[in-house]
Every structure is written in C-alpha cells, then in structure tokens.
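First comes the structure, then the notes that go with it.
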Amino acid sequence: MKFGIVVNEGPYTHQAADTAYQFTKSVLEKGHDVYRVFFYHDGVNVGTRMTVPPQDERHIQRNWSELAEKYDLDMVVCIAAAQRRGIMDENEAKRQGLDGDNIAPGFRISGLGQLIEAGIQSDRLVTFGD
Amino acid sequence: MNDMADTGEQTIKKFLYVNRKAPYGTIYALESLEVVLIGAAFEQDVSLAFLDDGVFQLMKGQDTADIGVKNFSPTYRALGDFEVTKLFVEKESLEERGLSEDDLMEITYEDEDDDWEEKPSIHLVNRSELAAVMAEQDVILSF
C-alpha cells in the first residue's frame, strides 16, 4: 500500500512527530511505500537542523533525516508555514535577505500543492497531530 | 475509494477538510483555509465540515482589531469563486454553543449548472448525517 503522511505538530511539545516517525518507519519496514511525508503547521519545526536535545533524549529531526536517507523518502516542509516559523533553506534565505538557513538534511521546502498531491496519489493519507 | 472517479487524465478524489477549532487563538483555522484555497487548483471534489469550536469560524461580524490578528473571515465568503461550494455545519455543535444558523455568515455560490443561480453553500447537518458525509470521503484532512 502507498501511504502519505502528514505531521501537524512540532517536536517535543507533542508526541505527534514521534508517532508519525514510528508509523512511517514501520510501514517502510513492512515493505509498503511512502509517497511523501508532509510537514505542516508547527510540524515544519521538525525540519530544522538547529535542534540540540539533551544527549540522553531522542533526536527527532535526526531520526527523520536518517529515515529519509535510508529509504529515499520525500519529506516536504510547507513553505507558507515554514516562512512564518523561520524554517529556511539556502535559496529561500537568500531570497528573503536572511543571514542563514536551517533546513535539515532530507527535508525540502515546497508548496501546499504537495500535500494535495499526496492525498491524490496515496492509497491512504494518515495525519498525525491535532 | 472504489467509487473514485477516474477521468483518464486526472484522478478526482473526494476531499473533506474538517475544521474543529475556533478561528483565533490557534493558527489551525487560517492554515486550513490556506490548504483549501491551494487545493482548489487541483479540481478535486471538495467539502468542508465545521464542528466543535470550528463552527465559530463562520460567525458573522468577526472583529479582530483589538487582538492584532488578521480577520480572515471574509475569505470564507469567497470560497464559491474557488468552486468550493459544500460547507457542512454540524447542528449539535451550534446548539451546544448557543448558536443558530442566523449567527453564521451568508455564504453562497453561483451554480454554473443551473443558469448561475445563487445558492447557499452552508448546509446544516446533524451528527449522524455528518458521519455519513465523512464515510464517503477518500481523503480527510482534520485541522
């Protein structure tokens, strides 16, 4: 089965990003496909490489980045939600005249159309978060 | 999903956006509306549901001047221009909050299949009717 995954809450405050990660990892391990993971609302905050949790805690962003690398996952951060919350890739930071970017490996910034497309192309679109 | 229409060129799925939160206080309502507007370009079969505190999103006379937040409620009235014409409002949620249909904005669309007659977009449904609407969807996005 082909899954689309939506993550609507940021890391650590809510468990949604963790549960989404466990779910995505499990379906991939079981041999299913994941068409795309889409990060929306505060979920875009999962995609900053600047998070430094205490060493004995899980590293949510790194978990996702490693999963993306292992399975060649398409992980998209919504551009409108990202701009509100200061998540920038190199191009966008330059375009906005900002002095740096913070997007994590494996994440890319794109539009909401990618969410709709995930809904159209996936057999099941599964949402995590409020 | 079995009755999903396939026009050959393009898949048309039934999308339902479920709005359950008050318009201000959190960003969910505004960012949900942004998805609806962008999604309209994909020419899918779109419906919106308003339940729980989500019914407040359609209230008449919203005024945000004193909280420093943009009043985005006029956008709901423009949904018809984006061919988003099915807004289901749950009756019980209105009643539980002491509201009635008279408290909601008038939202209409021009029906191109009926000589562009102006028709109401808002449909009041009870809880079990809304459950039936949900059951027939292909994709549900809840905000």
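Here is the naming used below: chain letters follow the sequence lines, and residue numbers restart at 1 for every chain. Heavy-atom basis, side chains included; hydrogens, waters and symmetry copies ignored.
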If you round to the nearest 0.5 Å, how far is [atom2] of [Y] from [atom1] of [X]?
X: A:Ile120; Y: B:Gln44; atom1: CD1; atom2: CD; answer: 3.5 Å
X: B:Phe42; Y: A:Leu115; atom1: CZ; atom2: CG; answer: 9.0 Å
X: B:Asp138; Y: A:Ser122; atom1: CG; atom2: OG; answer: 12.0 Å
X: A:Asn8; Y: B:Leu141; atom1: CG; atom2: CG; answer: 8.0 Å

Beyond-backbone contact of A:Arg84 with B:Ile27, side-chain heavy atoms, under 4.5 angstrom: yes
Should we count [atom1] of [X] as having more than 12 external heavy atoms under 6.0 Å?
X: A:Lys25; atom1: NZ; result: no
X: A:Gln121; atom1: CD; result: yes
X: A:Lys70; atom1: NZ; result: no
X: B:Lys70; atom1: NZ; result: no
X: B:Glu129; atom1: CD; result: yes
X: A:Arg49; atom1: CZ; result: yes
X: A:Arg85; atom1: CZ; result: yes

Nearest heavy-atom neighbours spanning A:Thr127 and B:Ile140: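 Distance-wise, the nearest heavy atoms are OG1-O, 4.3 Å.
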Atom group of B:Phe15 that falls short of 4.5 Å from chain A, counting heavy atoms: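 Side chain of B:Phe15 only, per the 4.5 Å heavy-atom cut-off to chain A.
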Donor-acceptor contact below 3.5 Å, side chain A:Tyr40 vs main chain B:Glu31: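 Judged by distance alone, yes, a pair lies under 3.5 Å.
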Residues A:Glu117, B:Lys13: salt bridge by 4.0 Å N-O rule: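 Here A:Glu117 does not pair with B:Lys13 in a salt bridge, since their nearest N and O are not under 4.0 Å apart.
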